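These notes concern the structure reproduced below.
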Amino acid sequence: MWRNDVKDFMNGKKNLCNLEVLEIVLEVKDTSDIISVKLDRPDLIFGITFILTPKGCIHLDGKYIIHPITKEEIPIFLENVSEPHLGIPAHNDKDYEYAIVNKLPIKQVIMPINASLDDNKPREDKEWSYRQNVVLIVEHWTENKYLYIDYKNQNWKCFISGGVEENETSKEAAIRELKEESGFYNIKKIEEMPFKMANVFYAAHKGVNRYSIVTAFYIKLENSDCLELDQKEKEEHDVKWSSKEELYEILKNGFTDQIWLLKQHLGEMKAYTGMGKIINSDFLNDLEDSIKASQKVVDYFKER
């Protein structure tokens with residue numbers, strides 16, 4: 001279940017109207033030119049990956065602005081816009097579409113937090129375990145179906161997931177978890193999805209509270225080649241296949257975050273426009289208050 005403040009933001013019950021609009025001056029690389037642009041969400045400043053300028057600015061074609069904090073080179077594109085626009089594709093639907101079409105980076109700087117509020121909510125009498133996790137969206141080799149795990153001893157029906165072990169990459173963990181939990185190993189395609197998220201819950205099977213940072217992978221299987229599962233895995237769960245429509249119903253009972261991931265993969269959702277933990281943002285990292293984060297950015301420029 002989504003944490004209430006995240007749900008409210010996504011449903012339009014909250015807004016960031018108290019944020020101060022930030023006007024910044026950007027230098028154009030290898031020129032004396034500058035571009036003045038407004039940023040409605042200063043807390044997203046580290047997510048900029050392109051800038052759009054009016055087509056009349058021919059002298060800017062093919063050039064780059066310098067990010068005012070990171071000093072990264074940001075490409076300039078001439079488009080039918082009335083004023084310069086900073087592209088933050090991870091958190092703006094139109095920017096996301098533009099980035100996909102033009103094969104531009106999508107840099108996530110707000111990570112959704114999926115905090116369980118049901119029977120799996122964190123328990124005060126249990127210790128916390130922090131870990132990196134993977135979640136796998138596994139597509140059938142011929143049918144338009146996706147794999148999920150049906151646990152026998154718990155009321156869990158969900159995608160394959162698991163922790164990233166020491167000295168293991170997230171991709172290596174995804175391949176290992178696929179083989180261990182389903183037996184499938186012949187992969188036609190594997191892609192890391194652009195958005196990370198955090199899950200906060202009580203892991204009853206481990207007896208600890210979990211705060212996990214999740215990296216999701218889409219996997220397309222090559223064929224039906226499958227190893228026999230260990231007896232322990234057989235006793236713990238069944239491996240099943242369902243259509244996306246069936247999965248939307250199955251996953252809504254406790255795993256709505258995985259619905260979000262599947263919709264991301266299928267292109268039914270684009271940017272993440274909700275609230276959460278700030279990541280990939282230097283001095284803003286780990287903040288969960290967009291207004292406070294935006295004020296820190298405003299103060300950063302005022303001090304300079």
Side-chain angles (χ1 to χ4, degrees), residues 16 19-111 169-171 191-196 215 264 267 270-287 289-304:
L16 299 180
L19 293 184
E20 181 176 344
V21 175
L22 178 64
E23 186 165 352
I24 52 180
V25 176
L26 304 170
E27 298 177 359
V28 180
K29 182 187 177 185
D30 297 331
T31 75
S32 59
D33 291 333
I34 58 173
I35 299 175
S36 180
V37 62
K38 295 178 181 179
L39 184 59
D40 294 334
R41 290 282 304 273
D43 57 317
L44 303 180
I45 193 168
F46 289 94
I48 299 167
T49 63
F50 64 89
I51 182 172
L52 305 181
T53 59
K55 284 189 173 181
C57 305
I58 301 297
H59 62 293
L60 295 177
D61 190 25
K63 291 186 168 54
Y64 296 81
I65 60 164
I66 305 301
H67 192 285
I69 301 178
T70 68
K71 307 308 177 186
E72 295 171 285
E73 297 178 7
I74 308 295
I76 300 172
F77 294 89
L78 306 185
E79 295 291 348
N80 289 319
V81 293
S82 59
E83 59 183 10
H85 168 76
L86 293 170
I88 307 175
H91 307 289
N92 178 290
D93 283 343
K94 290 184 178 179
D95 292 348
Y96 182 94
E97 293 173 354
Y98 191 89
I100 292 296
V101 170
N102 293 280
K103 297 181 171 55
L104 299 171
I106 297 173
K107 183 180 178 183
Q108 182 186 15
V109 292
I110 301 285
M111 179 176 65
T169 67
S170 294
K171 184 176 180 179
E191 294 178 344
E192 181 176 336
M193 296 176 63
F195 291 94
K196 294 183 184 293
T215 302
Q264 283 282 346
K270 301 178 179 67
Y272 176 66
T273 57
M275 301 178 72
K277 182 186 288 291
I278 298 180
I279 60 174
N280 301 321
S281 297
D282 196 86
F283 57 86
L284 302 181
N285 283 342
D286 296 328
L287 291 175
D289 185 325
S290 289
I291 294 177
K292 183 180 294 185
S294 291
Q295 189 59 52
K296 287 192 71 170
V297 174
V298 171
D299 293 342
Y300 173 92
F301 286 100
K302 285 180 177 178
E303 291 171 1
R304 285 157 178 77

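Starting from 1, each residue takes its place in the sequence as its number. All values reported here derive from a predicted model rather than from experimental measurement. Heavy atoms only: backbone and side chains are in, while hydrogens, waters and symmetry mates are out.
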Gln108 side, atom CD; Met193 side, atom CE - distance, nearest 0.5 Å: 11.0 Å

Between atom CD1 of Ile24 and atom OH of Tyr300, what is the distance when rounded to the nearest 0.5 Å? 11.0 Å

Please name all residues satisfying salt bridge (charged side-chain N to carboxylate O under 4.0 Å, His left out) with Glu73, sequence neighbours left out, ordered by chain then number. Lys29

Mark yes or no for whether Gln264, through its side chain, and Lys270, through its backbone, hold a donor-acceptor pair below 3.5 Å. yes

Heavy-atom check, side chain of Leu287 versus side chain of Lys296, under 4.5 Å: yes

Between Pro89 and Ala271 the two heavy atoms that sit nearest each other are O-CB, 3.5 Å

Out of curiosity, Ile76 CD1 to Asp33 CG, how far, rounded to the nearest 0.5 Å? 8.5 Å

Do you know which two heavy atoms are closest between Ser170 and Thr215, and how far apart they sit? OG-OG1, 4.0 Å

Main-chain N/O of Ile279 paired with Ser281 side-chain donor or acceptor, under 3.5 Å: yes

Measuring only between side-chain heavy atoms, which start at C-beta, is Leu60 closer than 4.5 Å to Val28? yes

Could you tell me the separation between the NE2 atom of His85 and the CD atom of Glu79, rounded to the nearest 0.5 Å? 11.0 Å

Do Ile106 and Thr49 make a side-chain contact, defined as non-hydrogen atoms from C-beta onward lying under 4.5 Å apart? no

Derivation of the side-chain contact (heavy atoms from CB on, under 4.5 Å) call for Ile88 and Leu39: CA-CA 10 Å; Ile88 307 175; Leu39 184 59; 3.8 Å; yes

Going by the rule side chain to side chain donor-acceptor pair (under 3.5 Å), which residues pair with Lys63 if we only count those two or more places apart in sequence or in a different chain? none

Given Asn80 and Lys55, is the side-chain contact (heavy atoms from CB on, under 4.5 Å) satisfied, shown in steps? CA-CA 6 Å; Asn80 289 319; Lys55 284 189 173 181; 3.5 Å; yes

For Pro54 and Pro84, which heavy atoms make the closest approach, and how far apart are they? CD-N, 4.2 Å

Test side-chain contact (heavy atoms from CB on, under 4.5 Å) on Lys107 and Glu72; report intermediate values, then the result. CA-CA 13 Å; Lys107 183 180 178 183; Glu72 295 171 285; 4.1 Å; yes

Taking the inter-plane angle between the rings of Tyr272 and His91 on a 0 to 90° scale, is it parallel (under 30°), tilted (30 to 60°) or perpendicular (over 60°)? perpendicular

At what distance, to the nearest 0.5 angstrom, does CD1 of Ile35 lie from CD1 of Ile66? 11.0 Å

Please report the C-alpha distance between Glu192 and Lys171 in whole Å, then the side-chain angles of each, then the deciding distance to 0.1 Å, and finally whether the salt bridge (Lys or Arg N to Asp or Glu O under 4.0 Å) criterion is met. CA-CA 8 Å; Glu192 181 176 336; Lys171 184 176 180 179; over 6 Å; no

Where the side chain of Ser294 meets the backbone of Asp43, is there a donor-acceptor pair that is under 3.5 Å apart? yes

N/O donor-acceptor pair under 3.5 Å between Asn280 side chain and Val109 backbone: no

Could you walk me through whether Asn92 and Thr273 pass the side-chain contact (heavy atoms from CB on, under 4.5 Å) test, one step at a time? CA-CA 7 Å; Asn92 178 290; Thr273 57; over 6 Å; no

I want to check something: taking the side chain as every heavy atom from C-beta on, are Leu26 and Ile74 in contact at a cut-off of under 4.5 Å? no

Measure the shortest side-chain to side-chain distance between Glu23 and Ser36 over non-hydrogen atoms and say whether it is less than 4.5 angstrom. yes

Using 0.5 Å steps for rounding, measure from the OH atom of Tyr98 to the CD1 atom of Ile100. 13.5 Å

What class does the angle between the rings of Phe50 and Phe77 fall in, given that below 30° is parallel, 30 to 60° is tilted and above 60° is perpendicular? perpendicular

Is there a side-chain contact between Ile110 and Ile278 (heavy atoms, below 4.5 Å)? yes

Taking the side chain as every heavy atom from C-beta outward, state whether Ile45 and His67 have any pair of such atoms under 4.5 Å apart. yes

Taking the side chain as every heavy atom from C-beta outward, state whether Ile69 and Phe301 have any atom pair closer than 4.5 Å. yes

